Q: 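Pasting a structure here, questions to come.
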There are 4 protein chains.
Amino acid sequence: KNKGCLLVRCPDRPGIVASISRFLFQYNANIITSNQYSTNPEGGDFFIRIEFASPSLHENRNEIKKSFEAIAENFSMDWKMTFPSEVKRTAIFVSKELHCIRELLFEWQSGDLMTEIVVVISNHQEAKELVEGFGIPFLHLPASKENRREVETQQLKWLEEYQVDLIVLARYMQILTPVFVEAHPKKIINIHHSFLPAFVGARPYDRAYQRGVKLIGATGHYVTNDLDEGPIIEQDINRVDHTDNIEDMKKIGRSIERSVLARSVKWHIEDRIIVDGNKTIVF
Amino acid sequence: KNKGCLLVRCPDRPGIVASISRFLFQYNANIITSNQYSTNPEGGDFFIRIEFASPSLHENRNEIKKSFEAIAENFSMDWKMTFPSEVKRTAIFVSKELHCIRELLFEWQSGDLMTEIVVVISNHQEAKELVEGFGIPFLHLPASKENRREVETQQLKWLEEYQVDLIVLARYMQILTPVFVEAHPKKIINIHHSFLPAFVGARPYDRAYQRGVKLIGATGHYVTNDLDEGPIIEQDINRVDHTDNIEDMKKIGRSIERSVLARSVKWHIEDRIIVDGNKTIVF
Amino acid sequence: KNKGCLLVRCPDRPGIVASISRFLFQYNANIITSNQYSTNPEGGDFFIRIEFASPSLHENRNEIKKSFEAIAENFSMDWKMTFPSEVKRTAIFVSKELHCIRELLFEWQSGDLMTEIVVVISNHQEAKELVEGFGIPFLHLPASKENRREVETQQLKWLEEYQVDLIVLARYMQILTPVFVEAHPKKIINIHHSFLPAFVGARPYDRAYQRGVKLIGATGHYVTNDLDEGPIIEQDINRVDHTDNIEDMKKIGRSIERSVLARSVKWHIEDRIIVDGNKTIVF
Amino acid sequence: KNKGCLLVRCPDRPGIVASISRFLFQYNANIITSNQYSTNPEGGDFFIRIEFASPSLHENRNEIKKSFEAIAENFSMDWKMTFPSEVKRTAIFVSKELHCIRELLFEWQSGDLMTEIVVVISNHQEAKELVEGFGIPFLHLPASKENRREVETQQLKWLEEYQVDLIVLARYMQILTPVFVEAHPKKIINIHHSFLPAFVGARPYDRAYQRGVKLIGATGHYVTNDLDEGPIIEQDINRVDHTDNIEDMKKIGRSIERSVLARSVKWHIEDRIIVDGNKTIVF
């Protein structure tokens with residue numbers, strides 16, 4: 001199609017929107033949606049996301065990108081121009097629990113997740129039948145603390161072969177090494193089964209049960225080298241009470257996890273997210 | 001202060017944002033927040049709300065308003081430019097139940113409702129002490145179906161005397177005549193104690209109880225001449241179950257009513273709402 | 001297993017719990033959970049649900065049922081004693097939209113829906129592959145207003161053949177005749193895609209969009225002969241705003257519909273629901 | 001009135017409900033509501049809360065209490081029988097922020113909080129006018145780390161003078177010493193302005209902002225000697241996004257804090273809470 005999306009981050013000062021909008025107008029582009037945010041109009045950072053459409057955008061897109069560079073330089077912009085017609089290629093990592101990958105596959109099948117799911121990688125066999133039923137390659141490689149290095153080397157090779165743009169950890173349950181994480185910065189989305197920063201690390205439902213909380217939650221976030229400390233994309237919670245044991249909490253948690261992960265992935269795919277240090281701007 | 005707010009509605013076509021942002025740039029204005037929406041980029045309606053700041057805005061505001069007219073005409077805009085420094089003058093109408101007016105008064109006292117509450121008008125005496133404790137004039141006039149005409153005549157006179165910009169019906173419980181409503185179009189906000197369009201009209205909690213619903217709600221809306229059919233500003237709900245009788249529902253409902261009304265009034269006061277036919281755009 | 005569930009409704013008066021609990025104690029039964037509710041301790045109706053366990057319940061269950069009759073008669077009880085080991089047999093009716101049946105099938109596969117799904121009946125082919133992938137018989141019969149009578153006759157025959165205890169309309173989109181409904185009283189659960197009683201009938205999302213509501217919802221209810229007027233089991237909502245068009249609302253609505261329907265079916269299967277006129281008591 | 005409330009905790013075994021209900025029946029008591037919970041029907045702990053009414057309960061209440069001792073001993077019960085007619089006496093501690101105490105006072109004034117608020121104690125003067133406006137004694141004593149010991153000695157004396165049953169810390173902002181806490185075990189309710197166990201300790205909104213969370217919350221809990229580690233009574237959250245700065249979070253947080261605290265206090269006053277180690281059973 002003839003749609004584009006511009007994501008910008010730069011020091012705030014007067015004239016940014018005027019320049020961008022005049023630029024788009026010159027290319028006969030109509031602004032479909034536009035969202036902006038400034039940490040502080042005086043001396044802060046400015047962020048904007050613009051979806052636009054232009055009759056011959058598909059043909060001109062490289063030219064437009066090229067000519068935007070002058071504006072970008074003038075305002076010291078950190079920027080990205082993407083085109084929905086260039087669909088992102090997604091890999092899903094999964095272990096034994098299937099509720100998250102199932103949600104992603106069905107949202108994708110329903111047309112609500114505009115990406116290509118090119119490969120599923122797992123250290124277990126549980127997801128094989130489901131994944132192959134969708135006609136998606138399923139690559140299996142047992143992983144543990146011992147063989148982490150070799151496993152990751154193979155996984156990185158696969159990700160390159162499949163030209164992957166986004167990696168979704170759909171309850172993958174393995175910790176990634178810095179080598180892996182740095183190979184795909186701001187490109188790995190994880191679902192953590194607690195309301196971060198509560199219950200960082202392992203067995204969050206057990207600990208939530210021990211603490212006697214009245215709400216449990218889930219967090220979708222980008223993976224960094226600090227465990228469960230990456231920029232949060234989305235969170236949600238559900239109510240529990242004294243009658244819910246750990247198993248009940250896990251069951252209730254599964255429905256939060258899958259919807260939080262699906263929203264996080266959707267927003268990334270639609271280029272709605274700008275990572276700002278350890279936070280996210282979600283437009 | 002040197003802040004302004006521009007609200008625009010016009011037929012969508014390329015160049016609107018470019019024109020507005022160039023205009024603001026010429027006046028040395030920095031855009032603080034900007035939200036826009038288009039019903040359809042091709043042939044639809046375009047809406048935008050821009051908060052901006054400019055060093056000498058306070059002195060130049062009439063000039064800026066004047067010079068915006070050229071752009072407005074060019075794009076056939078329906079528009080409004082307001083200045084937070086020109087505080088809106090609000091009247092509250094109330095009957096016997098005080099939870100909604102109490103919430104408004106405390107939000108106002110905490111500085112979360114940037115308006116001047118210039119007068120409270122009631123057909124009962126219940127609110128008198130509370131209102132006068134805040135140093136606000138309390139005008140009392142018994143109202144009923146019989147004397148509606150004379151009562152409204154007096155009320156309209158009062159509203160004029162107090163130069164009222166906004167009328168909030170904080171559980172006023174009297175139906176207004178078309179004469180009254182038309183004297184203050186899009187300026188009267190009501191809280192209806194149900195999730196509209198469910199339970200239009202009288203005694204919604206009784207009917208919710210009879211119907212056996214599992215959620216009850218409240219709706220903040222502009223008043224038009226069709227009872228409970230005006231543009232909805234905000235709605236919210238709370239969970240109920242079989243153990244809740246009508247009194248319990250009213251109690252639960254009160255906390256929804258007061259927060260929904262407070263949000264509705266706040267958004268109006270901050271010029272966040274554009275009425276679009278029977279709907280609202282809330283930026 | 002050795003578990004049982006007792007559901008009782010009778011006029012409230014002192015001694016009911018004492019009698020029931022003494023009865024269970026005599027059979028060496030431990031009460032696992034017990035919930036009760038009285039519309040009015042003086043002259044109202046009393047409802048109780050007790051889950052209990054007893055070492056040799058499986059062998060004695062007919063005897064226990066038999067001997068409870070004396071108590072039931074004494075207190076004029078309307079009662080039911082069920083045993084989780086006697087799994088309910090469920091039929092799902094579906095049309096073209098698959099999100100609801102998919103949710104049910106996956107909850108069932110995950111062990112969160114303790115029923116046997118014995119057959120799926122549809123007037124379209126869309127669900128065939130999905131259903132048969134789960135090894136469940138899929139029966140297809142085109143239905144329309146014209147052939148409703150013959151279609152229902154065949155469907156009723158099938159329901160008898162498969163000895164169905166519960167019929168779930170997972171977005172079936174056809175109106176059932178009184179003949180069909182009366183053949184399975186309080187045994188048909190429907191998901192209506194609005195927050196009842198708002199938007200009874202067809203095209204609720206279109207009408208929600210036209211009305212400009214800020215929340216959309218879904219309702220799980222038992223089917224009676226008054227369209228969308230049956231006892232409500234569960235409702236939930238989600239927030240929408242002016243940017244959501246009808247398609248967006250449908251998408252947002254789908255996730256509410258499927259969770260509301262799944263909860264409604266789960267509660268029925270676990271014998272948590274007592275229908276009280278046009279309302280439900282959900283324990 | 002002739003109402004009573006029985007709270008019981010004991011090792012689970014068959015016959016508990018039978019014994020209690022027979023006992024109540026003998027005293028001609030009708031069970032109004034009854035809730036029970038077992039951590040494990042085999043070898044776990046059993047909890048029950050029963051509200052009952054009996055024609056001459058007011059006169060017989062000491063006799064009933066006395067004669068229940070035999071049952072209690074038989075089942076090794078930890079129990080309490082209370083009578084709503086014996087209203088609890090509550091003290092509120094407050095510092096400078098008034099939103100929580102205001103909510104409590106208005107819920108109390110509306111008849112939704114069935115307690116006597118006998119005194120308000122503060123280390124600041126901000127609440128004085130509000131509190132005295134309700135005709136409640138306001139006692140002021142500046143408190144800081146330095147004079148904590150003397151201040152608490154005076155406060156404990158006041159609590160004894162006013163015969164206080166419950167102490168509510170409505171954003172009191174001072175840490176209590178073990179001496180104070182142990183003088184009123186399970187009788188001090190605090191509102192913490194975060195979703196515990198996230199952001200234990202000081203300045204939770206600042207830290208929530210730094211972490212970039214998408215939801216903020218509040219927690220009502222009993223005070224123990226471990227800071228913010230006491231049994232949680234109630235929690236709730238609200239959504240925030242990147243546009244909310246610390247001040248916005250505090251504002252949004254205030255409305256959660258006040259409703260969570262009000263619910264926590266209400267449940268305590270209605271004897272709905274059983275503390276079980278570091279958790280609460282809320283019936």
Side-chain angles (χ1 to χ4, degrees), chain C residues 1-6 8 10-57 64 68 71 74-75 84 214-215 237-241 281 283, chain D residues 1-6 8 10-57 64 68 71 74-75 84 214-215 237-241 281 283:
Chain C
K1 309 243 192 40
N2 288 309
K3 287 193 180 173
C5 182
L6 176 67
V8 169
C10 64
D12 199 357
R13 64 171 162 112
I16 306 171
V17 177
S19 295
I20 295 175
S21 53
R22 192 176 51 225
F23 173 85
L24 290 171
F25 182 59
Q26 282 163 358
Y27 278 94
N28 220 357
N30 201 346
I31 296 174
I32 299 170
T33 66
S34 170
N35 293 281
Q36 60 184 80
Y37 164 65
S38 176
T39 55
N40 184 348
E42 323 228 352
D45 282 322
F46 175 84
F47 302 85
I48 194 166
R49 176 184 184 272
I50 298 178
E51 274 182 45
F52 56 95
S54 171
S56 48
L57 182 61
I64 290 179
F68 189 73
I71 290 175
N74 184 22
F75 288 95
K214 300 298 182 183
L215 303 169
I237 56 95
N238 225 322
R239 204 158 266 279
V240 293
D241 67 26
I281 318 289
F283 282 128
Chain D
K1 312 240 190 47
N2 289 310
K3 287 192 180 174
C5 182
L6 177 66
V8 170
C10 64
D12 200 357
R13 63 171 163 110
I16 306 170
V17 176
S19 295
I20 296 175
S21 55
R22 192 177 51 225
F23 173 85
L24 291 172
F25 182 59
Q26 281 163 357
Y27 279 93
N28 221 356
N30 201 346
I31 295 175
I32 299 170
T33 66
S34 170
N35 293 281
Q36 61 184 80
Y37 163 66
S38 177
T39 56
N40 185 348
E42 322 227 352
D45 282 322
F46 175 83
F47 302 84
I48 194 165
R49 177 184 183 272
I50 297 179
E51 273 181 45
F52 56 94
S54 171
S56 47
L57 181 61
I64 292 179
F68 188 73
I71 291 176
N74 185 22
F75 288 96
K214 300 298 185 184
L215 304 169
I237 57 95
N238 225 324
R239 202 158 268 277
V240 293
D241 66 27
I281 316 290
F283 281 128

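Quick caveat: nothing in here was measured; it's all calculated off a predicted structure. The chains referred to below are lettered A, B, ... by the order of the sequence lines, with proteins before strands, and numbering in each begins at 1.
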Q: Find the distance between OG1 (C:Thr33) and CG (D:Asn35) and round it off to the nearest 0.5 Å.
A: 11.0 Å

Q: Which atom names give the shortest non-hydrogen contact between D:Gln36 and C:Ile31, and what distance separates them?
A: NE2-CG2, 3.2 Å

Q: Restricting to non-hydrogen atoms, name the atom on C:Phe25 and the atom on D:Ala18 that form the minimum distance, rounded to 0.1 Å.
A: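 Reported closest heavy-atom pair: CB-CB, 4.2 Å.
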
Q: Please give me the minimum heavy-atom distance between D:Ser21 and C:Ser21, naming the atom from each residue.
A: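 Smallest interatomic distance, heavy atoms only, reads OG-OG, 2.9 Å.
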
Q: Given heavy-atom pairs under 4.5 angstrom as the criterion, report whether the side chain, backbone, both or neither of C:Ala53 touches chain D.
A: neither

Q: Which heavy atom in D:Ala29 sits nearest to a heavy atom in C:Pro14, and how many Å separate them?
A: O-CB, 3.9 Å

Q: Heavy-atom pairs under 4.5 Å with chain D: which of C:Ser54, C:Ser34, C:Ser38 has the most?
A: C:Ser34

Q: Just give me the residue among D:Leu24, D:Ile48, D:Asp12, D:Ile20 that pairs up with chain C most often, heavy atom to heavy atom, under 4.5 Å.
A: D:Asp12

